[in-house]
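The residues of the chain are indexed from 1 along the displayed sequence. Quick caveat: nothing in here was measured; it's all calculated off a predicted structure. Basis for what follows: all heavy atoms, side chains included, without hydrogens, waters or symmetry-related copies.
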Amino acid sequence: NKESGQKSGAYIFRPINNTLLPVTLTQAPPTRLAGKLVQEVRQDFGSWISQRIRLTEGERHAEITYTVGAVPIADAVGKEIVSRFTTSIDNKGVFYTDSNGREMQRRQRDYRATWPLKQTEPIAGNYYPVNTAIMLRDASVSSVSCA
């Protein structure tokens, strides 16, 4: 960011600016597959990135997988690839991620429990590594969504 000048790297997510850019402006329409036990949507975002969302009968979670192929570098611009989801779940900015594949960590948007946060990076400051799962709880009903 402008305050620190530190660039993105293996453990630092630091985009050039706070504007998210789409991977591609043209994408193939999603493909929906439905069977007796599984429903699946497949999406291709250009030739090098795809995503699959699967719902299985009787499960309380969605399975989301993605594939990133050879990232284009001809434009000499670094790329941070993220998935963004929008939901009507009223989670009050609180969610849980697996930080190491073993336990869920409570996260809260624009908040740090051990110090007063001065948010200077609204995008990078609210991204967390997700190895296996992310979970949202709806504050108004007793339901949980886990992907």
Side-chain angles (χ1 to χ4, degrees), residues 1-25 27-33 37-46 48-73 75 77-147:
N1 80 1
K2 293 174 186 169
E3 289 185 20
S4 74
Q6 186 176 13
K7 297 183 182 198
S8 282
Y11 298 100
I12 302 292
F13 177 50
R14 185 137 302 134
I16 293 171
N17 59 46
N18 288 320
T19 303
L20 294 175
L21 302 173
V23 171
T24 179
L25 297 176
Q27 68 186 49
T31 303
R32 182 177 180 270
L33 305 169
L37 300 176
V38 176
Q39 295 182 52
E40 183 173 291
V41 174
R42 296 179 182 170
Q43 299 169 291
D44 291 320
F45 302 96
W48 57 278
I49 188 166
S50 64
Q51 180 171 270
R52 184 184 77 206
I53 302 169
R54 180 181 285 176
L55 299 173
T56 302
E57 180 77 28
E59 296 291 334
R60 295 177 44 188
H61 65 276
E63 176 186 332
I64 301 170
T65 57
Y66 60 92
T67 303
V68 177
V71 178
I73 59 171
D75 59 4
V77 175
K79 293 165 182 65
E80 304 276 6
I81 309 301
V82 300
S83 293
R84 186 184 345 187
F85 300 94
T86 303
T87 179
S88 60
I89 293 173
D90 180 19
N91 66 326
K92 305 293 188 212
V94 175
F95 54 100
Y96 299 81
T97 66
D98 68 317
S99 64
N100 57 12
R102 294 177 181 229
E103 63 182 328
M104 299 299 277
Q105 297 290 316
R106 184 183 189 276
R107 312 288 191 179
Q108 185 171 347
R109 196 174 187 178
D110 291 326
Y111 174 78
R112 302 300 181 269
T114 56
W115 75 89
L117 177 68
K118 177 187 172 200
Q119 186 59 273
T120 61
E121 300 183 45
I123 292 182
N126 285 301
Y127 275 84
Y128 298 90
V130 177
N131 297 311
T132 307
I134 185 168
M135 180 182 71
L136 304 172
R137 286 192 174 146
D138 194 310
S140 61
V141 295
S142 58
S143 71
V144 174
S145 292
C146 188

- Item | Minimum-distance pair of heavy atoms, taken over all atoms of Leu136 and Thr87 | CD1-CG2, 3.9 Å
- Query: About how many Å separate CG of Leu55 and CZ of Arg60, when rounded to the nearest 0.5 Å?
  - Reply: 14.0 Å
- Above 12 or not: heavy atoms from other molecules or residues under 6.0 Å from CZ of Arg112? yes
- Item | Heavy-atom donor-acceptor pair, Asn126 side chain to Asp110 backbone, under 3.5 Å | yes
- Could you list the residues that satisfy salt bridge (Lys or Arg N to Asp or Glu O under 4.0 Å) with Asp75, not counting sequence neighbours? Lys79
- Got a sec, which residues hit ring pair (Phe, Tyr, Trp, His ring centres under 6.0 Å) with Tyr111, two or more places apart in sequence or on another chain? none
- Query: How would you list, by chain and number, every residue that makes a ring pair (Phe, Tyr, Trp, His ring centres under 6.0 Å) with Tyr128, sequence neighbours excluded?
  - Reply: Phe95
- Task: Could you list the residues that satisfy salt bridge (Lys or Arg N to Asp or Glu O under 4.0 Å) with Arg52, not counting sequence neighbours?
- Result: Glu40, Glu63
- Message: For Asp90, give me all partners under salt bridge (Lys or Arg N to Asp or Glu O under 4.0 Å), at least two apart in sequence or on another chain.
- Response: Lys92
- Query: Asp98 versus Met104: any side-chain heavy-atom pair under 4.5 Å?
  - Reply: yes
- Query: Taking the side chain as C-beta and beyond, is there a heavy-atom pair between Phe85 and Ile64 under 4.5 Å?
  - Reply: yes
- Supply the atom-to-atom distance Thr65 OG1 to Arg54 CZ, rounded to the nearest 0.5 angstrom. 7.0 Å
- Message: Distance check, rounded to the nearest 0.5 Å: Gln51 atom CD versus Thr67 atom OG1?
- Response: 9.5 Å
- Item | Shortest non-hydrogen separation from Tyr96 to Arg137 and the atoms involved | OH-NH1, 4.1 Å
- Message: Can you list everything that forms a side chain to side chain contact (heavy atoms under 4.5 Å, CB included) with Glu59? Sequence neighbours excluded, please.
- Response: Thr56, His61
- Query: Taking atom OH of Tyr127 as the centre, does the number of heavy atoms from other residues, nucleotides or ligands within less than 6.0 Å exceed 12?
  - Reply: yes
- Closest heavy-atom contact between Ala70 and Trp48? O-CB, 3.6 Å
- Roughly how far apart are Gln43 CD and Ile49 CD1, rounded to 0.5 Å? 10.5 Å
